[in-house]
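Quick notes on the structure that follows.
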Amino acid sequence: MHYKDELAEVLARETGMEKNIFSDLLEIPPQADMGDLALPCFRLAKELKKAPNQIAVELKGKIAGKLTWLRRAEVVGGYLNIYVEPAQYAETILQKSFAQGATPGFGTEGLEKTVLVEYSSPNIAKPFHVGHAFSTLVGEAIANLYEYRGYCVKRLNHLGDYGTQFGKLIAAWRHWGSEEALADDPITELNRVYVKFYRELEDKPELEDEGRLYFKRLEEKAPEEYELWKLFRDLSLKAFDKIYNRLNIKFDSMLGESFYSDKIPAVVDRLREKGLLVESEGAQVVNLDDYGLNPCLILKSDGATIYASRDIAAVYYRDETWDFYRNIYVVGAPQKNHFQQVFAVLKEADFPKADQCIHVAFGTVRFADGIFSTRQGNVILLNDLLAESVAKTKAIIQNNNPEMPEAEVEKIAESVGVGAVRYTFLRNGRERDIVFSWDDMLDFEGDSAPYLQYTYARCSSIMRLAAANGVWPLDPTKINHEHLAGEEEQSIIKLMDAFEDSVLEALDTHEPSIMLRNISQLARAFNRFYNSRSILHAEDKEVMKARLILTESTRTYLKAGLKIAGIDALERM
RNA sequence: GGGCGUAUAGCUCAGCAGGAUAGAGCAACAGCCUUCUAAGCUGUGGGUCGCAGGUUCGAAUCCUGCUACGCUCGCCA
């Protein structure tokens, strides 16, 4: 609400008080009939030693005639409610949005700043399940948000390709692996032997040592183990590529943990020089008492590296490579403590950008009766979920549009099915856990991606018809905005007005759901408008023009918001 | 035990730098397709905002205590 600043200005001038007092106090009322802006006068009452109601009345008198856009002001209780001139409001917002073309609410404050977003980061040789979807989809949306404000974004996939687990995998493979099965479906086969390893472990604890031995050999780059690991890694990357293609996600870097392994000695030296390394129970740790944290383990008692040291090495490497403005980790909430430690160690080591490293945590995907576990083979593959979602979509489309050609059905079903899944991971606060339920995942009504896509397609359909009838395109500056003064139209305008702030807040808090909520409300407002007004069959041509402009603008906002979320906007469905 | 987080309608969630009768969606029920896409729209019912105190003109929102659940607390990542 851009009028807020001007109103605060006038209030300050007329009362001789600080402008900030008013801009802090001014708020958007909970209901449209209470006005467009409101000033609660309760706090002023104390300072001015007058009743809130009386203050509101006096202020109302002082602003009278001072603002061109002010339609009326009303005192209700201790509130001064401000109503803006709706036609003028519509004109301002629509002109602004048309001036910004396809990217309303974009910004350039990020130019010249590089933001690294680490996300997805699956473990090689393991199935890509719906748990990974959280990081992948939230991370992509956050990357898109930064790009929308002009930042140069580097998408980093920090592959889990290192650690004792790969020693175990090699052991498992040597015991039970099948070449044919590996060639046929590598991830499934590798996962099969890995799961078997943990089952066998119960009776044969010696397997544990075997796994450790192979990892040690791997670290020493023993040719046989190394080649095997390399094979597993390559096969996994190929499999991951398929899913990333399907999600339309492209990474700028696929450097995994293994890449940083040989960069750790330099980190250890650095920490030692700073006098931070302490021996404890045979291991090398950094004491973090000053931060209220437990010591951070840098080197294990056998001298081997650990994930914390690898993460620290990665920060130095990334800064040398990209000179980052921000370094963001989209990693699950259970690793909060880990990142607090890593960032604290960086601070202790006087790394100047420690505060520019941010852990963006998200919740856990689990079943109602327990957690996903790769080891127990108790997972739902993202691909299976997508397939299910696409299949359901396809059935709906065929039911609704029996005439639609098969190829188009396929294409739309893919976009809608994938979009629906995407949306379920983005619609809520990211730190909430998601209890997996097929019904919720495949609910295409109400607050869902298909609802947004449907609304977009509906707008598109109207614009197509308008073009066919020769009434579109038309000059957006040459419409009568008085026709957009109604409640249905104004609620749409207000949401468009709020879109940019929702993007900024989403970026600020790394919470894509905030932006999505805005376009979800916009879609709802448009559908109400659509159901209560005739657009192409409006009472006269001027009314129709105004409504077409509103429709086209809605279409633009929906598309922009969906694109940030990574969801396709479809011309028909 | 220490730390972090969560608790709002039957279900899934918004709201939380204090403010006006606590909002959506789903589910339930009742309606709306001879007019631009019914994956839509309208209406109805449904809430001691976990519990107990406190601060305040005013608390879902801030503070304290408690309860429940989840995560985490060096040699996995």
Side-chain angles (χ1 to χ4, degrees), chain A residues 24-25 27 29-31 34 38 40-43 45-46 51-52 76-79 81 121 123 160 162-165 168 257 280-285 292-308 310-311 331-338 340-341 361 363-364 366 371 393 396-397 399-401 416 420 424 427-429 431-435 437 439-440 443-455 457-466 469 513-514 517 520-521 523-524 526-538 544 547-548 551 572-573:
Chain A
D24 288 351
L25 240 38
E27 59 188 28
Q31 313 249 329
M34 296 170 180
C41 300
F42 308 96
R43 222 169 301 170
K46 207 168 240 178
V76 181
Y79 289 90
N81 289 341
S121 311
N123 288 335
Y162 213 62
T164 25
Q165 47 177 327
K168 291 174 182 172
E257 294 171 62
S280 165
E281 295 168 41
Q284 298 292 316
V285 306
L293 296 167
N294 292 313
C296 181
L297 192 68
I298 301 296
L299 286 178
K300 299 196 271 189
S301 46
D302 63 359
T305 66
I306 189 162
Y307 58 101
R310 290 196 278 272
D311 272 338
V331 178
Q335 294 196 45
K336 268 186 178 176
N337 184 62
H338 163 68
Q340 282 175 351
Q341 290 188 320
T364 305
R366 54 194 172 81
I371 203 158
T393 306
I396 294 172
I397 298 171
N399 186 52
N400 293 351
N401 308 282
V416 174
T424 32
R427 59 186 277 203
N428 295 142
E431 294 213 45
R432 288 195 96 99
D433 287 351
I434 292 180
V435 176
S437 137
D439 285 346
D440 290 346
D443 182 0
F444 295 169
E445 282 162 27
D447 186 20
S448 68
Y451 176 85
L452 298 177
Q453 291 170 311
Y454 185 80
T455 309
R458 175 175 264 175
C459 292
S460 295
S461 168
I462 292 167
M463 299 319 293
R464 265 197 311 276
L465 286 170
N469 296 347
S513 62
I514 292 172
R517 211 168 295 283
S520 174
Q521 286 174 3
R524 201 156 297 284
F526 181 82
N527 281 324
R528 267 196 276 267
F529 164 74
Y530 173 89
N531 273 278
S532 62
R533 308 273 197 264
S534 277
I535 299 168
L536 294 169
H537 310 288
M544 180 193 71
R547 289 179 182 168
L548 276 175
T551 303
R572 63 184 89 225
M573 65 186 272

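Below, chain A is the first sequence line, B the second, and so on; all start at residue 1. Side-chain atoms are counted along with the backbone in the values below, which use heavy atoms only and exclude waters and symmetry mates.
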What integer distance in Å separates [X]:[atom1] from [N]:[atom2]?
X        : N     : atom1 : atom2 : result
A:Asp440 : B:G10 : CG    : C1'   : 14 Å
A:Gln453 : B:A38 : CD    : P     : 17 Å
A:Asn428 : B:G25 : CG    : P     : 15 Å

Closest heavy-atom pair and its distance - A:Asn294, A:Gln341: O-NE2, 2.9 Å

The criterion is side chain to side chain donor-acceptor pair (under 3.5 Å); which residues satisfy it with [X], sequence neighbours excluded?
X        : value
A:Glu257 : A:Arg310
A:Lys168 : A:Tyr198, A:Glu208
A:Asp443 : none
A:Arg427 : none

Going 5' to 3' through nucleotides 41-47 of chain B, assign each nucleotide B (protein heavy atom under 4.0 Å from a base atom), S (under 4.0 Å only from sugar-phosphate atoms) or - (no protein heavy atom that close). SS-----

Under the rule for salt bridge (charged side-chain N to carboxylate O under 4.0 Å, His left out), what residues qualify as partners of [X], not counting sequence neighbours?
X        : result
A:Glu27  : none
A:Arg572 : A:Glu408
A:Arg366 : A:Asp433

Using atom [atom1] of each nucleotide, how far apart are [N] and [M] to the nearest Å?
N     : M     : atom1 : result
B:G25 : B:U44 : P     : 12 Å
B:U55 : B:U72 : C1'   : 33 Å
B:U8  : B:C13 : P     : 9 Å
B:G74 : B:A52 : P     : 38 Å
B:G47 : B:U21 : C1'   : 14 Å
B:A27 : B:C62 : C1'   : 36 Å
B:A22 : B:U61 : P     : 14 Å

Any N/O pairs under 3.5 Å between the protein and nucleotides 60-63 of chain B? List them or say none.
none

Please work out if [X] contacts a base, only the sugar-phosphate, or nothing of the nucleic acid, heavy-atom cut-off 4.0 Å.
X        : answer
A:Val416 : base
A:Pro52  : nothing
A:Arg517 : sugar-phosphate

Taking ring pair (Phe, Tyr, Trp, His ring centres under 6.0 Å) as the definition, give me every residue that meets it alongside A:Tyr530, ordered by chain and number, with sequence neighbours left out. none

With a 6.0 Å cut-off on ring centres, are A:Tyr454 and A:Tyr451 close enough? no

Please write out the pairs of protein N or O atoms and N or O atoms of nucleotides 70-77 of chain B separated by less than 3.5 Å, giving the distance to one decimal.
{"unit_1": "B:C73", "atom_1": "O2'", "unit_2": "A:Asn294", "atom_2": "ND2", "d": "2.3"}
{"unit_1": "B:G74", "atom_1": "O6", "unit_2": "A:Ser280", "atom_2": "OG", "d": "2.5"}
{"unit_1": "B:C75", "atom_1": "O2", "unit_2": "A:Ser301", "atom_2": "N", "d": "2.6"}
{"unit_1": "B:C75", "atom_1": "O2", "unit_2": "A:Ser301", "atom_2": "OG", "d": "3.0"}
{"unit_1": "B:C75", "atom_1": "N3", "unit_2": "A:Ser301", "atom_2": "OG", "d": "3.1"}
{"unit_1": "B:C75", "atom_1": "N4", "unit_2": "A:Glu281", "atom_2": "O", "d": "2.6"}
{"unit_1": "B:C76", "atom_1": "OP2", "unit_2": "A:Lys300", "atom_2": "NZ", "d": "3.3"}
{"unit_1": "B:A77", "atom_1": "OP1", "unit_2": "A:Arg310", "atom_2": "NH2", "d": "2.7"}
{"unit_1": "B:A77", "atom_1": "O3'", "unit_2": "A:Glu257", "atom_2": "OE1", "d": "2.3"}
{"unit_1": "B:A77", "atom_1": "O3'", "unit_2": "A:Glu257", "atom_2": "OE2", "d": "2.6"}
{"unit_1": "B:A77", "atom_1": "N7", "unit_2": "A:Tyr307", "atom_2": "OH", "d": "3.0"}
{"unit_1": "B:A77", "atom_1": "N6", "unit_2": "A:Tyr307", "atom_2": "OH", "d": "2.1"}

Check whether A:Arg432 reaches the backbone of A:Gly363 with its side chain - one donor and one acceptor, N or O, closer than 3.5 Å. no

Convert the base pairs of RNA chain B into dot-bracket notation, remembering that pairs crossing earlier ones are written with [ ] and that bases paired across to another strand are shown as |; include only Watson-Crick or G-U pairs under 3.5 Å. (((((((..((((.....[...)))).(((((.......))))).....(((((..]....))))))))))))....

Could you pick out which residue, A:Phe444 or A:Val435, lies toward the 5' side of RNA chain B when each is mapped onto its nearest nucleotide? A:Val435

